[in-house]
Amino acid sequence: MRLLLLGATGRTGKHILDLGLARGHRLTAFVRSPQKIARRDGALTVVQGDPLQVEQLARALDGHDAVLSALGPPAREAFRPSTLLAECAASTVAAMTTAGVERIAVVSAALLFPVKGLRFALFRRLLTHHLRDLVAMETVVRASGCNFTIARPPRLVDAHDEGYRSEAEALPAGAAVMSFRAVAAFLLDCVEQRTHAREVVGLARRRSP
Ligand SMILES: NC(=O)c1ccc[n+]([C@@H]2O[C@H](COP(=O)([O-])OP(=O)(O)OC[C@H]3O[C@@H](n4cnc5c(N)ncnc54)[C@H](OP(=O)(O)O)[C@@H]3O)[C@@H](O)[C@H]2O)c1
């Protein structure tokens with residue numbers, strides 16, 4: 001498949017890039033800082049651009065099958081009011097309409113599920129501004145005509161496991177942490193297998209046997 005990746009220089013995005021190439025896809029990394037991508041591969045095209053610019057995105061999207069998005073605010077910005085993710089979602093779905101691309105899989109967060117507990121409450125409070133932007137981002141994506149999958153993972157860690165559990169519209173039991181790589185695997189599985197169309201999906205690390 002030809003996939004356009006947003007957030008390719010980020011912690012989740014790097015794994016999407018790596019796994020996507022390993023699975024034989026042709027990837028376009030649409031990034032603001034191409035120098036951050038050291039990887040060289042005949043199946044990888046790096047395009048410099050601003051994800052807020054519909055025309056740039058639409059040009060880059062021509063001929064692609066799907067968009068995968070793992071955009072996130074820089075750490076210090078996550079604690080301040082921001083509309084970055086909602087605005088990027090709006091420009092992305094507009095560009096997809098122009099380019100005739102229907103499929104998008106995007107990373108959101110498990111904290112948006114109404115799960116009770118002290119840990120969830122604390123993180124929700126700490127990340128109020130970021131979560132507000134994620135809600136707005138999800139609203140834009142859901143209201144679009146796109147065939148979307150919104151992935152809501154719990155806290156992410158650097159580990160090499162790719163296994164995950166997924167549940168439509170709910171957080172799988174016992175979800176606490178999972179790997180960036182497993183989120184990448186989930187997003188790729190969705191577009192490859194045409195699963196979880198127009199769904200919000202809770203994710204968790206796969207339990208060891
Ligand atoms: N990390 C977690 O524990 C966790 C848990 C649950 C959900 N999530 C969600 O997963 C998503 C991705 O998280 P992550 O930790 O992989 O993110 P990350 O490592 O911080 O990467 C963020 C990506 O977004 C890009 N970006 C940020 N601002 C941009 C801008 N103004 N224009 C263009 N690109 C911009 C960054 O590009 P540059 O390299 O150019 O800055 C980078 O590629 C986030 O939305 C987050 O809510 C994360």
Side-chain angles (χ1 to χ4, degrees), residues 4-20 27-39 44 46-54 56-57 60 67-92 95 104-113 115 119-120 122-124 126-141 148-159 161 164 166 171-172 175-188 190 200-205:
L4 184 132
L5 174 56
L6 297 172
T9 55
R11 290 167 295 178
T12 311
K14 281 179 186 160
H15 287 283
I16 301 174
L17 195 71
D18 188 45
L19 268 183
L27 289 186
T28 300
F30 186 91
V31 293
R32 57 180 173 176
S33 312
Q35 72 281 4
K36 285 191 180 177
I37 298 191
R39 178 97 180 233
L44 171 64
V46 181
V47 174
Q48 180 170 26
D50 179 352
L52 294 170
Q53 298 302 318
V54 178
Q56 291 179 14
L57 266 176
V67 175
L68 301 179
S69 178
L71 287 170
R76 64 187 178 285
E77 301 292 334
F79 305 105
R80 300 179 190 154
S82 172
T83 53
L84 174 72
L85 299 181
E87 288 183 55
C88 286
S91 54
T92 302
I104 180 167
V106 56
V107 186
S108 180
L111 287 172
L112 298 190
F113 286 120
V115 177
R119 197 168 45 86
F120 273 80
L122 278 174
F123 277 111
R124 270 192 207 106
L126 195 65
L127 295 170
T128 303
H129 296 300
H130 178 47
L131 295 180
R132 194 168 292 142
D133 194 20
L134 282 176
V135 168
M137 178 277 284
E138 288 196 1
T139 303
V140 169
V141 172
F148 66 83
T149 302
I150 295 172
R152 289 183 177 176
R155 189 166 66 83
L156 299 174
V157 293
D158 242 325
D161 57 308
Y164 60 81
S166 61
L171 192 62
V177 295
M178 68 184 290
S179 70
F180 291 103
R181 197 167 181 84
V183 176
F186 171 77
L187 296 179
L188 286 162
C190 284
V200 174
V201 183
L203 296 179
R205 180 173 249 163

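Whatever order the structure lists them in is the order used to number ligands and atoms, beginning at 1.
Atom 26 (N) of ligand 1 has as its closest protein heavy atom Gly72 O, 3.7 Å. Annotation: atom 15 (O) of ligand 1 to nearest protein heavy atom, Arg11 NH2, 2.8 Å. Summary of contacts: the protein heavy atom closest to atom 40 (O) of ligand 1 is Arg32 NE, 2.9 Å. Of the protein's non-hydrogen atoms, Thr9 OG1, 2.7 Å is the one closest to atom 43 (O) of ligand 1. For atom 16 (O) of ligand 1, the nearest non-hydrogen atom of the protein is Thr12 OG1, 2.7 Å.
Among the atoms of Ala109, none of the N or O lies under 3.5 angstrom from an N or O of ligand 1. For ligand 1, the polar-atom distance check finds an N/O of Leu156 within less than 3.5 Å of one of the ligand's N/O atoms. Taking any N or O of Asp50, backbone or side chain, none lies under 3.5 Å from an N or O belonging to ligand 1. Any N or O atom pair closer than 3.5 Å counts here, and Leu134 shares no such pair with ligand 1. An N or O contact shorter than 3.5 Å links Gly10 to ligand 1 by distance.
Take Phe186 and apply the ring pair (Phe, Tyr, Trp, His ring centres under 6.0 Å) test, not counting sequence neighbours, and it matches Tyr164, His196.
Here the shortest heavy-atom pairing between Gln48 and Pro34 reads CB-CG, 3.5 Å.
Heavy atoms of Gly13 come nearer than 4.0 angstrom to ligand 1 in no pair at all. In this structure, Pro154 has a heavy atom closer than 4.0 Å to ligand 1. Between His130 and ligand 1 there is a heavy-atom distance shorter than 4.0 Å. Assignment of Ser108 to the shell around ligand 1 is supported, since a heavy atom sits closer than 4.0 Å.
Sorted by first and then second residue, the side chain to side chain donor-acceptor pair (under 3.5 Å) pairs with a member in residues 28-37 read Thr28-His64; sequence neighbours excluded.
Closest heavy-atom approach to atom 45 (O) of ligand 1 within the set Leu71, Val107, Leu131: this belongs to Leu71.
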Inset, instruction - Check step by step if side-chain contact (heavy atoms from CB on, under 4.5 Å) holds for Phe30 and Leu57. - result: CA-CA 8 Å; Phe30 186 91; Leu57 266 176; 3.8 Å; yes
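Of the heavy atoms in Arg152, none comes closer than 4.0 Å to ligand 1. Counting heavy atoms closer than 4.0 Å to ligand 1, residue Leu6 contributes nothing at all.
For the 3.5 Å distance criterion, the side chains of Ser108 and Glu138 qualify, holding a donor opposite an acceptor.
Residue contact check: Lys36 has heavy atoms under 4.0 Å from atoms 38 (P), 39 (O), 40 (O), 41 (O) of ligand 1. Close contacts between ligand 1 and Ala70 involve ligand atoms 12 (C), 23 (C) [criterion: under 4.0 Å to a heavy atom].
Annotation: Phe123, atom CZ; neighbour count of heavy atoms from other residues, nucleotides and ligands within 6.0 Å does not exceed 12. Open room surrounds CZ on Arg155; 12 or fewer heavy atoms of other groups in view lie less than 6.0 Å from it.
Not a single donor-acceptor pair under 3.5 Å links the side chain of Arg205 to the backbone N or O of Ala176.
Partner of Leu187 under the side chain to side chain contact (heavy atoms under 4.5 Å, CB included) criterion, out of Thr149, Leu19, Val107, Leu203: Val107 alone.
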